[in-house]
K.L.:
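Attaching a single structure in structure tokens format; questions to follow.
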Number of protein chains: 2
Amino acid sequence: MLVHYRDEEAMRSPMQYEGGVLRLIDQRLLPSEARWLTFTELETVAQAIENMIVRGAPAIGCTAAFGLAVDAWAADPRSTWDSYSPRFEQAVLRLARTRPTAVNLFFALDRVKALASGFSQGLLMEQVRTEIETLAIALHKGDLETCKAIGRNGAAHVGGRSLRVLTHCNAGALATAGYGTALGVIRALHERGQIEIVYVDETRPWLQGARLTAFELASENIPYKVIADSAAAYLMQLSKIDMIVVGADRIAANGDAANKIGTYSLAVNAAHHGVDFYVAAPLSTFDMMLEGGHMIPVEERHGDEIRLTAGRYMTPREAAVWNPSFDVTPASLISGIITERGVLTKPFDRTIVSLFQ
Amino acid sequence: MLVHYRDEEAMRSPMQYEGGVLRLIDQRLLPSEARWLTFTELETVAQAIENMIVRGAPAIGCTAAFGLAVDAWAADPRSTWDSYSPRFEQAVLRLARTRPTAVNLFFALDRVKALASGFSQGLLMEQVRTEIETLAIALHKGDLETCKAIGRNGAAHVGGRSLRVLTHCNAGALATAGYGTALGVIRALHERGQIEIVYVDETRPWLQGARLTAFELASENIPYKVIADSAAAYLMQLSKIDMIVVGADRIAANGDAANKIGTYSLAVNAAHHGVDFYVAAPLSTFDMMLEGGHMIPVEERHGDEIRLTAGRYMTPREAAVWNPSFDVTPASLISGIITERGVLTKPFDRTIVSLFQ
């Protein structure tokens, strides 16, 4: 089965897939270089997630599904499911070990596992790989549609004003199958002529805001300014922010939301200044197994992400570093959660449950 | 007149002065390289302040005073004050144009101007230069003593507990004549065995925390961890911060305090989490001419400080950037202002006025 991603929308996706071959744009090099890498083995796909060649909760989920398709394509097409299934289990476990916080990864793996549970022992791998890749492609296309619905719902909710919006990290096309969640809302607002300016937190230590969000906004001529993360509060003090919208990596059943480190600081400042604070995320980001945000596992990454800049130590070499990749914003600080099914408001514990019923 | 700075304390100072020659350690290169630069002309001293070879409000003040000594030494020692004084006026104006926010700069310039106002027209430059350098040295030594008093007062005020302290930017020996203001408090607490750990905001965009504060703490074996600025709120949420102490670049008569960008965000978060928030600064940092913080001029620096990392663009090349170097924390969010004359508490408008009476 050949699947082509040639249309304009798909060009905005950070991934392309065709017949067992996954291509990812190396997000570590953007915006100065647009280098596409090719993957034909599960292990290198797993490492691409770990090393943040691809990042962003929905994009990680899509990549994992495509990773399982890649692995199935690497098997002999004339062999059968019973001989491959132990390897499939290992592949799922390997991908599940890559990054702990974004639940979309586990959502995607669970979807493929559910599909695989229906395979008969004698099913030819030629058929298995087709079924897995068909699902992966459906998840990818579904995520793109989901993002557009999030954008529509968010833009409709925040109404007809011209807005000065702040965002953190990159919850854009590069973090999803395309279009983006938080940046999807901003795109939809821009299409309605409602964006006065987007302030972009540079988002240390990886600078996803400076590198990726600014790149996406520049590509579409949406007016923006990049700021140091620590300057956001000052902007709010100066009454220059109307609303904040961010993505999420995992949302608990009560509405507590894990997102890129720094999100919580913004939420506290938003509450202090009376600025609306929105989280934009698909249903696949909700983890109904977790009662509250304290149960969300928060990844801590290597200290060298803080210590080193362009290979040079910015700290003493042996400096101790605390480098959590995420923090958890309590539901009480969130004005609304923008999903593909509508904008949830308080009390989130009730509105979220009703969404999943 | 020869002045030697050879003792251990002076080695911690970011500047050395002897007979018309000023030496500054290039703080842009620390901690990876300790390069001392030599200055014998006023213009290069002014540029050293502008380019942040030397930074930190008290250190800028000391450097400006030494700059005027350097300029006087460059004049013919057999000439007289009447021929030099127009050049002196220009030198004062040049230094006053370097950076707008730190009031210590203007305090130091005013002190030298007051001295000069007593010079007779026929005073030999040999005598003028000696008098100016004597004052500059006195200001420098006075700042060192002031920092130690700030340290003592702060440590005595916060009491006998073991503390987990957060600081932002560098208000240390490198930002002063030595010892530091906020870091002076931390040094004094450490001498009393009261520091459990210091969390150090890396402090974008210049990374004064990662580069300078971590360097100073490592040099004295004070336990510390470097964090991304945006992670500070998460630390407070986890109840891992007992107090925050920062320096200041200018404090208005009502207690509003300008300090490195990001300070305000910390103060809002400290209030939200019930964490004590202290500002440590000498009397020379108070600007009694300004009723409130809204009157403090806030420097905006070049966008390339955000755009470029090690000469490489981290944003689109033409990215718009907002890069304020400072923000203003309202007095209402400050628990106490630690000075060489004691720790001021609310209501600051009264306690500050009584300090200057």
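Computed from heavy atoms alone, side chains included, the values below leave out hydrogens, waters and symmetry copies. Residue numbers begin at 1 in each chain, while the letters A, B, ... track the order of the sequences.
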K.L.:
Rounded to the nearest 0.5 Å, what separates atom CG in B:Leu30 from atom OG1 in A:Thr315?
P.N.:
12.5 Å

K.L.:
More than 12 heavy atoms of other residues, nucleotides or ligands under 6.0 Å from CD of A:Glu300: is that the case?
P.N.:
yes

K.L.:
Could you walk me through whether B:His272 and A:His272 pass the side chain to side chain contact (heavy atoms under 4.5 Å, CB included) check?
P.N.:
CA-CA 8 Å; B:His272 181 82; A:His272 182 82; over 6 Å; no

K.L.:
Are the ring centres of B:Trp322 and A:Tyr234 closer than 6.0 Å?
P.N.:
yes

K.L.:
Can you tell which part of A:Leu235 gets under 4.5 Å to a heavy atom of chain B, answering side chain, backbone, both or neither?
P.N.:
both

K.L.:
Heavy-atom distance under 4.5 Å to chain B: side chain of A:Pro324, backbone, both or neither?
P.N.:
side chain

K.L.:
Return yes if some donor-acceptor pair links the side-chain N/O of B:Gln237 with the main-chain N/O of A:Ser265 below 3.5 Å, else return no.
P.N.:
no

K.L.:
Return the option, out of B:Ala271, B:Ala228, B:Ala218, B:Ala231, with the maximum number of heavy-atom pairs under 4.5 Å with chain A.
P.N.:
B:Ala231

K.L.:
Mind running side chain to side chain contact (heavy atoms under 4.5 Å, CB included) on A:Ile306 and B:Ile227 for me, showing each step along the way?
P.N.:
CA-CA 7 Å; A:Ile306 301 279; B:Ile227 62 170; over 6 Å; no

K.L.:
I need the residue from A:Pro223, A:Ala233, A:Pro205 with the largest number of non-hydrogen atom pairs under 4.5 Å to chain B.
P.N.:
A:Ala233

K.L.:
Contact part of A:Val200 toward chain B, heavy-atom cut-off under 4.5 Å: side chain, backbone, both or neither?
P.N.:
neither

K.L.:
Might you point out which heavy atoms bring A:Pro316 and B:Ala210 nearest each other, and give the distance in Å?
P.N.:
CD-O, 3.7 Å

K.L.:
Based on non-hydrogen pairs under 4.5 Å, which of A:Val298, A:Ile197, A:Val226 is most in contact with chain B?
P.N.:
A:Val226

K.L.:
Is it the backbone or the side chain of A:Arg312 that comes under 4.5 Å from a heavy atom of chain B, or both, or neither?
P.N.:
side chain

K.L.:
Using a cut-off of under 4.5 Å on heavy-atom pairs, state which of B:Thr329, B:Asp327, B:Thr203 scores highest against chain A.
P.N.:
B:Asp327

K.L.:
If I compare all heavy atoms of B:Ala320 with all of A:Tyr224, which pair ends up nearest, and what's the gap?
P.N.:
CB-O, 3.3 Å

K.L.:
Under 4.5 Å heavy-atom distance to chain B, tell me which part of A:His294 shows up: side chain, backbone, both or neither.
P.N.:
neither

K.L.:
Do you know which two heavy atoms are closest between B:Ser230 and A:Arg204, and how far apart they sit?
P.N.:
OG-O, 4.5 Å

K.L.:
Chain B heavy atoms under 4.5 Å from A:Asn323: which part of the residue, side chain, backbone, both or neither?
P.N.:
neither

K.L.:
Which atom pair, heavy atoms only, marks the closest approach of A:Pro31 to B:Met314?
P.N.:
CD-O, 3.7 Å

K.L.:
By a 4.5 Å heavy-atom criterion (distance strictly below it), what part of A:Ala319 contacts chain B: side chain, backbone, both, or neither?
P.N.:
both

